[in-house]
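Okay, so here's the structure we're looking at.
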Amino acid sequence: MARERYLLHAGEEEINREGAEITLKTPKDKWDNFWFYHKKHVIIGTLAAILVGYMIYDLATKVEPDYNVAILSSQTIAYDAAEYLADALAPYGEDLNGDGQVVVQVNTFDIAQGAAAENVDPNVQMASMTKFMGDLQTGDSYIYFTDDTSFAAYVTEEGMFAYLDGSSVPEGATDYENMRLPVSECKALEGTEIGQYLQDFSISLRDIRQSLVEERPEYYLGAKALYENMVSGTVVTPEAAVETSSAG
């Protein structure tokens, strides 16, 4: 105990003397006594304050994307591909949320298909699948870049892809060529390194359920306009007002 610590060299008689009290004579004595009793509280409080401060800073500095675009691949995508794609697409979008900049966030989903999945770490596969399913539920990514294997794996899923004019695909439809556009026909990526990297990919639009469209009609209209602008090569925002973001 603190009392015994301060009376350590006082002798047994002094320690046991009735009425013997601790006298904190110096600032160091007072600090040592405080620290003895409250060390854990101070440490826990400091860590909590740092955590709260970090959360507040993160919320205050977080940039809300104007657009979400997805890359769905059966193989691992290069770590910087999302950033390069965001850079290439941002000039074809507008500042939808009014924060003074155009922000494109590219979400990557690497999900092995068929026998190839047996050679992938199951934890990594599950993590990618979970992120992908979450994106499908929230409807964040309206524009999808897919390789042939991934497109074939999901094109028959009801409510997955729409026609390129944005209309829903009738049940049982097999005109898959109307549900995707080769990257080579996207003028925004023509002559770019990311366009070359994604040359074997195609571009599709998600078939977003009506309840989500009703919640954020401007968002989906803006995303459809982004798709049309990037296909036609129509730049609408100066590069100086462009900001990009990516999520693995």
Side-chain angles (χ1 to χ4, degrees), residues 58-111 127-128 130-136 138-147 150-151 161-162 164 166 180-206 208 212 216 218-248:
D58 186 58
L59 290 173
T61 58
K62 185 177 181 180
V63 178
E64 187 69 23
D66 296 288
Y67 305 95
N68 279 271
V69 174
I71 301 177
L72 177 61
S73 174
S74 59
Q75 299 183 9
T76 302
I77 292 295
Y79 76 95
D80 55 355
E83 182 178 351
Y84 281 117
L85 182 58
D87 285 340
L89 299 184
Y92 301 90
E94 299 181 77
D95 177 17
L96 298 182
N97 58 22
D99 64 357
Q101 56 189 340
V102 177
V103 181
V104 176
Q105 177 167 295
V106 177
N107 306 300
T108 59
F109 309 114
D110 304 337
I111 303 175
S128 295
T130 299
K131 289 196 303 179
F132 172 58
M133 296 304 295
D135 190 74
L136 296 185
T138 59
D140 287 335
S141 301
Y142 183 59
I143 301 171
Y144 262 71
F145 286 75
T146 63
D147 59 12
S150 298
F151 181 81
F161 295 125
L164 294 178
R180 63 173 178 167
L181 180 80
V183 165
S184 60
E185 297 183 25
C186 176
K187 294 189 182 302
L189 301 181
E190 191 173 39
T192 66
E193 290 186 15
I194 188 62
Q196 181 66 24
Y197 179 77
L198 297 174
Q199 62 180 334
D200 295 326
F201 281 63
S202 59
I203 308 170
S204 297
L205 300 179
R206 275 291 320 285
I208 305 296
L212 291 178
R216 299 189 293 172
E218 296 84 1
Y219 176 78
Y220 294 109
L221 287 174
K224 182 61 164 54
L226 172 64
Y227 166 77
E228 294 170 348
N229 290 336
M230 62 191 242
V231 170
S232 65
T234 304
V235 175
V236 295
T237 302
E239 291 187 10
V242 165
E243 178 77 18
T244 59
S245 177
S246 62

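Because the structure is a prediction, the values reported are computed rather than measured.
Between Leu189 and Leu85, the closest side-chain pair of non-hydrogen atoms falls below 4.5 Å.
Under the ring pair (Phe, Tyr, Trp, His ring centres under 6.0 Å) criterion, Phe161 pairs with Phe151, not counting sequence neighbours. Not a single salt bridge (charged side-chain N to carboxylate O under 4.0 Å, His left out) links Glu190 to another residue, sequence neighbours left out. By the salt bridge (charged side-chain N to carboxylate O under 4.0 Å, His left out) test, Asp135 is found to be paired with no residue, residues two or more places apart in sequence or in another chain being considered. Scored by the side chain to side chain contact (heavy atoms under 4.5 Å, CB included) test, Ser202 finds Thr146, Arg180 as partners (sequence neighbours excluded). Scored by the side chain to side chain donor-acceptor pair (under 3.5 Å) test, Gln196 finds Gln199 as partners (sequence neighbours excluded). By the side chain to side chain contact (heavy atoms under 4.5 Å, CB included) test, Ser184 is found to be paired with Pro182, residues two or more places apart in sequence or in another chain being considered. Not counting sequence neighbours, the partners of Ser74 by the side chain to side chain donor-acceptor pair (under 3.5 Å) test are Asp147. Take Asp80 and apply the side chain to side chain contact (heavy atoms under 4.5 Å, CB included) test, not counting sequence neighbours, and it matches Ala78, Tyr84.
Ring geometry for Tyr144 versus Phe132: interplanar angle over 60°, hence perpendicular rather than tilted (30 to 60°).
Separation of atoms CZ (Phe145) and OG (Ser204) is listed at 10.0 Å; rounding is to 0.5 Å.
Pairs passing the side-chain hydrogen bond (donor to acceptor under 3.5 Å, both in side chains) check and including a residue from residues 219-232, sequence neighbours excluded, read Asn68-Tyr219, Arg216-Tyr220, Lys224-Glu228, Ser232-Thr234.
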